[in-house]
Amino acid sequence: MTVMNMIQALNSAHRVMMERDAKTVVLGEDVGYFGGVFRVTEGLQKQFGKHRSFDAPISENGIMAVAIGMAAYGLKPIAEIQFADYIYPGFDQIVSEAAKMRYRSAGDWGLSMVIRSPYGGGIFGGQTHSQSPEALFAHVAGIKTVIPSNPYDAKGLLIAAIEDPDPVVFFEPKRIYNGPFDGFYERPVTPWAKHPAAEVPDGHYTVPLGKAAVAREGQEVTILAYGTMVHVAIATAEAQGIDAEVIDLRTIVPVDIETIEESVKKTGRCVVVHEATRTAGFGAELSALVQERCFYHLEAPVARVTGWDTPYPHSLEWAYFPGPVRLGLALKKTLED
Amino acid sequence: MTVMNMIQALNSAHRVMMERDAKTVVLGEDVGYFGGVFRVTEGLQKQFGKHRSFDAPISENGIMAVAIGMAAYGLKPIAEIQFADYIYPGFDQIVSEAAKMRYRSAGDWGLSMVIRSPYGGGIFGGQTHSQSPEALFAHVAGIKTVIPSNPYDAKGLLIAAIEDPDPVVFFEPKRIYNGPFDGFYERPVTPWAKHPAAEVPDGHYTVPLGKAAVAREGQEVTILAYGTMVHVAIATAEAQGIDAEVIDLRTIVPVDIETIEESVKKTGRCVVVHEATRTAGFGAELSALVQERCFYHLEAPVARVTGWDTPYPHSLEWAYFPGPVRLGLALKKTLED
Amino acid sequence: MDMERRNRPALELYVPEPEARPGDEVDFSHIQVPPAGSVPRPDIAVSTESIRDLPYTLIRVLDEEGRATGPWDPRLDADTLRRMLRDMMMVRVFDDRMYRAQRQGKTSFYMKATGEEAIAVAGTHALDREDMCFPTYRQQGILVARDYPLVTMMCQIYSNRGDPLKGRQLPIMYSSREHGFFTISGNLATQFPQAVGWAMGSAISGDSRIASGYIGDGSTAEGDFHAACTFAGVYRAPVILNIVNNQWAISTFSGIAGGQLTTFAARALGYGIPGLRVDGNDALAVYAATRWAADRARSDLGPTLIEFFTYRVEGHSTSDDPTAYRPKGAGEKWPLGDPVARLRQHLTGLGEWDQDRDRQLLEQLDAEVRAAQKKAEKLGTLQSDPYAEIPTMFEDVYAELPWHLREQQAQALAEWEAKRK
Amino acid sequence: MDMERRNRPALELYVPEPEARPGDEVDFSHIQVPPAGSVPRPDIAVSTESIRDLPYTLIRVLDEEGRATGPWDPRLDADTLRRMLRDMMMVRVFDDRMYRAQRQGKTSFYMKATGEEAIAVAGTHALDREDMCFPTYRQQGILVARDYPLVTMMCQIYSNRGDPLKGRQLPIMYSSREHGFFTISGNLATQFPQAVGWAMGSAISGDSRIASGYIGDGSTAEGDFHAACTFAGVYRAPVILNIVNNQWAISTFSGIAGGQLTTFAARALGYGIPGLRVDGNDALAVYAATRWAADRARSDLGPTLIEFFTYRVEGHSTSDDPTAYRPKGAGEKWPLGDPVARLRQHLTGLGEWDQDRDRQLLEQLDAEVRAAQKKAEKLGTLQSDPYAEIPTMFEDVYAELPWHLREQQAQALAEWEAKRK
Ligand SMILES: Cc1ncc(C[n+]2csc(CCOP(=O)(O)OP(=O)(O)O)c2C)c(N)n1
Ligand SMILES: Cc1ncc(C[n+]2csc(CCOP(=O)(O)OP(=O)(O)O)c2C)c(N)n1
Ligand SMILES: [Mg+2]
Ligand SMILES: [Mg+2]
């Protein structure tokens, strides 16, 4: 066990897998010599050689395409997209190719590959360094989408993703790389060191894909969250003294429906929270699922707490971010309804 | 008034606008000399000249980008993507550029442009000529998304889209280009000629964006639909003798929430239907909206009837397509619940 | 508007047009055909700078009389030549048969490769059997050259219960890992950079297999083309990047892809990789160029971009009627001739072929194809008895069925039951 | 594995490396610098085929002594030269000041253009005031050359209440329609084909204005670059396509974009358009090349691709420390020198400049920038008093607020109220 922040935990996942399996290779913009703009791939080129970890041209499309080709060859590529906001040039290769390859070849070419990308806001990155596009991937059959919320999970989920036989989109909430940000932005920053989930085993372990975690137990209301929002949810519940159960989804496709159902049937109320824009976001899917499956248990409508349907503005960061105030108001309303 | 099928109505919308406004230009793969693989742009090059209607290189990315540039210049481009399945290479330009241009330039560059694309299944086009990716666009703030269901609306909505100051994605359900397909695929094909909505004015008129139509009045249950599914919904209601109200959304962003709310509050039950894959589809948004706003009126969970979460298979077309049987079962269940 | 501005001339948009449209005479007078044997053949280790003129020439081996000439003559033995001729003829017979099957309503779609048979067939024979091909929909010749069963091809086309792709794909979107034939995508160009990635994977692994990617002239405009060339050059990927320039993209002529401005082979110059321009209707030239590129790739010298200059003699697909946008009979007047006829003439000139053998072969191929069709149709056609195993519709989306697909699978089965009633 | 296969050599992946890494000596020995004045200047109506060697040369006007020489000398009057010098110096002063402001925590981010000032400044002076520029984040020189108010630039950088972009954009992502400066995108390369579309729009409309697009060496790998060149060539768009090759993309050297294989100007050959390679640190060469390309565009002769060869002297941005991936002090040893010093030397040689005037100018620029900064900071900084008009956050998503944004706007206001309590 070592205390790690999320960057270190992710780096460790890479190392563990690159040591175990020579088929694991890393590529992306600035990931090689320099080790990535967020340092997640630091030292990998030195340890494993240039042919196992290398810089790519600035072509997200090309990075996705050659990663697919490598996976078709039989390697296990881990491709970094420098910011999730820049994944769109590679969208066609992900949606039309990676997602459909096993299906259209009737199993001849399953693609075991991971697309990693720092994502989400909270760092004053403006509209092109803050986006949360997970819903766009959730809608596409054939890929899995994972979003960790702490160092332990980050490493365990990334290893599980690398070992998974299918393409996995792995979004890393960059605001919590260095500490568990809970949305109280006026308070001093806390590092991971003080958080229990920063105790990370040095070796190999997995956190299974498709399994949620109950991040906080409660009886009054269920909050469905992932990534940074898990911390916002816990802190808000605590600040407001609400007995909320916080579910950390961890994987959004396939989503852990059992854990969700169990919790909502228990609490009878549900608030869904994410940073992405609201309309047709993944919160809509969660809301739909919950009311389809727990309709007769619900005592109030399922509420959505999300980013606004606008680009992510630079100076108005905290007016955009779905923080404790927005969530708190929604919780109050849900409990009153 | 002339009896038109959808192709003719769309063609007429182009002509009307190109005659009225020299700024209107058309580009896309095979749209120029030949007039488009579905003939929607037939004759435009001849009538308006090569510089007003021209063939583009096979680069959906480039087509989107130059259309954006033209709109920034002050023209009103109508860009065709040959099949919606091929829109992804241009996704970045739509999401990162067209959708955000007015916002990031604080109004300096609003983009009045239309992205037209034949979409949906039902023509044995296999997995790359059948997709319905509307949810991916609905999630992106800054674009409007329109899906007509008949010739009258198609022309009126397309004219409204061309006149709209914002980028509009305009999906044309190709299965109903030539006739109002209702999902009963074993029955003989009916042409538009017999349908009242095939009476189309020859000149200029608009059907406003953001306004739904009540395609069929009813009291027992509300069916929210758009495109081909409007016809499936009506036919299913009729076949099953269900007093369903069918709402043809026509625009999905911004969606006509008033019409939806009014209907669901009246009927107390709601079924949402679309052809796209289920998870994180636009049906999830509709389901979430309805339960958020009509929770205390709902007597049964909002049901979703959709395509499966798989690619669109070639020979299993009718097992994939959400036809009258799937919708009928869902209606029955919703009425029983 | 400032003073200077007012004196500026008004600009005008240029939109390229082909030489002839319906109603015009077929016009190929702009096509320059250098004599066979006139282009030098550099060593594979040549520096890229010293062969910057190659993209502007046309590598040809067979002359007007069908004699092989010049440094690119691959000097193949008669058996190989006959095999190539047989495969090309097979593609043509097969195409004709399947085209007709589509017209008879037995399936939804078909695409022929008429006039372009040499490219896939001779190219494949110049590769190792284990090299991986990333074809477009017009390289059925690869499967034929690698002895893929005709019946299975047809079952795919019919989407019947013998279809190895379980009715999932549009006709002709074959896939066979075993035959080094990558699953065809309906999305143009996507497989081109994937071929580069596969080749990089081979190099990373210290393997010796190379990859061969294909793209159409029209599709070179896609960003994927650029990604393929960029990555291939930068990492010296052991890949052959083949552009099949048949001068049409559905109704759009190659000028809309930039074909009036320079050659497609010249694209190579911008990436600092060798670019060859080859008579695509000359099976020997195709073979020789492919072999040169393969040898470079195998020697870690990196990628080669090859433009095969040819002509799409027939419609784009069964959904297309070319007389709507180009003069009738353009295909027959194509100055580089018919690839089958040219190889036949060559073999005949060598004394290794004659009319009798040709007639016999044709009869035999025809019989083979008919027999295969009979077998395939016993397994169903899209029209009569398509692949219909509902549960499989949910398989292979992921390696294992997640809960939501299991639920949907059950729902689909219940629905099918309900339909039967 | 067949027999042949076993004898094949094992492949290996090649990954390019720069000449020097931290700890190594700076090494620019591979950079070839042809003498100033040695490249001929063709007529603008020249055929593209006859200038296929231009992308492999380097157009230079200023020699080692700062004298203008050769056919590309634009023969500018002293006032224009002084104005260019002033603008370049202004960019540098401004950059230094804003860099410091970021370091002081007054804003989130800044990017300098040190060493590349000639490209934006001289390029802009070679255009008409009404031509439309599609810049990247390193062409602040365009705004300076077009007299955009410094205070407004700073307000954008501070995201304060004077920010015309209402706090929406990351610092330096300026936008000004009035100044022909297209709204900068955080997404690389996207604006390059948009410039082509704008130019096509101008041509379609019979206008006389042209467009000028910019892209970095690293960003040429994006599909957008390919789209821009393809469409520009095909439709002869009146556009100048500028590649700023400063040899670095964050930590990645230009070899990863293909820079070791050939020049970036050579990309033009594949599209059949003229490609120029220009000393980007030579303001006169920048001016002359831009003018040549602009004249071509205005005469309906189509696009020109220009590679400006330069060097990114400092870090990529305030988030970057270049000593982590390249030797210290690389910028100072760059063999093409400093663009400001070279233009200064030229003017001095002409007798049109001297040390006193230079000192005076510098003081004046410094005072201007300081005064502007004071004004800007009165309107707030990101740190102290950022732009915070909540309702505007929902404006300009669409021309009019749809119901859901109206609802969200009300919700955001209510939330802000709740926060105050
Ligand atoms: C991404 C994408 N865009 C458009 C299409 C529609 N389409 C299918 S074939 C074709 C023409 C391709 O022409 P070319 O690349 O020259 O290949 P050829 O058919 O001549 O072999 C087009 C536009 C597609 N399949 N994929
Ligand atoms: C589509 C996209 N991918 C990645 C990035 C992240 N990024 C910002 S600047 C940069 C390097 C650009 O290098 P270059 O094009 O050479 O321009 P320079 O900074 O040298 O002017 C990268 C990778 C981005 N902004 N957009
Ligand atoms: Mg073609
Ligand atoms: Mg650079």
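Throughout, protein chains are lettered first and strands after them, A, B, ... in sequence-line order, and every chain is numbered starting at 1. Below, all heavy atoms of this structure are taken into account, side chains as well, without hydrogens, waters or symmetry copies.
- Taking the ring centroids of C/Y14 and D/Y235, they lie at or beyond the 6.0 Å cut-off.
- Here the side chains of C/I240 and C/P303 are not in contact, with every heavy-atom distance at 4.5 Å or above.
- At a 4.5 Å heavy-atom cutoff, the contact between C/A297 and chain D is made by backbone atoms alone.
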Quick one: do D/I306 and D/F308 satisfy side-chain contact (heavy atoms from CB on, under 4.5 Å)? Show the steps, please.
-> CA-CA 6 Å; D/I306 310 180; D/F308 292 109; 3.6 Å; yes

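- Note that CG of C/L276 and CG of C/L241 are 11.5 Å apart. Values are rounded to the nearest 0.5 Å.
- Residue contact with chain D, scored on non-hydrogen atoms closer than 4.5 Å, involves the side chain of C/Y56 exclusively.
- When heavy atoms are compared at a cutoff of 4.5 Å, D/A257 approaches chain C solely by way of its backbone atoms N, CA, C and O.
- Proximity to chain D involves both the backbone and the side chain of C/A221, based on heavy atoms less than 4.5 angstrom apart.
- Of all residues spanning residues 194-205 of chain C, those with a heavy atom less than 4.5 Å away from chain D's heavy atoms are C/M200, C/S202, C/A203, C/I204, arranged by number.
- Side-chain contact of D/T304 with D/R296: a donor-acceptor pair under 3.5 Å is present, judged by distance alone.
- In this structure, chain C has a heavy atom under 4.5 Å from the side chain of D/F225, while its backbone stays farther away.
- Although no hydrogens or angles enter the test, the distance criterion places no donor-acceptor pair under 3.5 Å between the side chain of C/R326 and the main chain of C/R21.
- Within the 4.5 angstrom heavy-atom criterion, no atom of C/F264 approaches chain D.
- Residue C/Q260: no heavy atom, backbone or side chain, is found under 4.5 Å from chain D.
- The residue among D/V234, D/I273, D/D224, D/T262 with the most heavy atom pairs within less than 4.5 Å of chain C is D/V234.
- Side-chain N/O atoms of C/S212 and C/N242 include a donor and acceptor closer than 3.5 Å.
- If you check the side chains of C/R291 and C/Y287, you find a donor sitting under 3.5 Å from an acceptor.
- Side chain of D/Y148 to backbone of D/I142: no donor-acceptor contact under 3.5 angstrom is found.
- With no hydrogens or angles considered, no side-chain donor-acceptor pair links D/N187 and D/T190 at under 3.5 Å.
- In this structure, chain D has no heavy atom under 4.5 Å from any part of C/T48.
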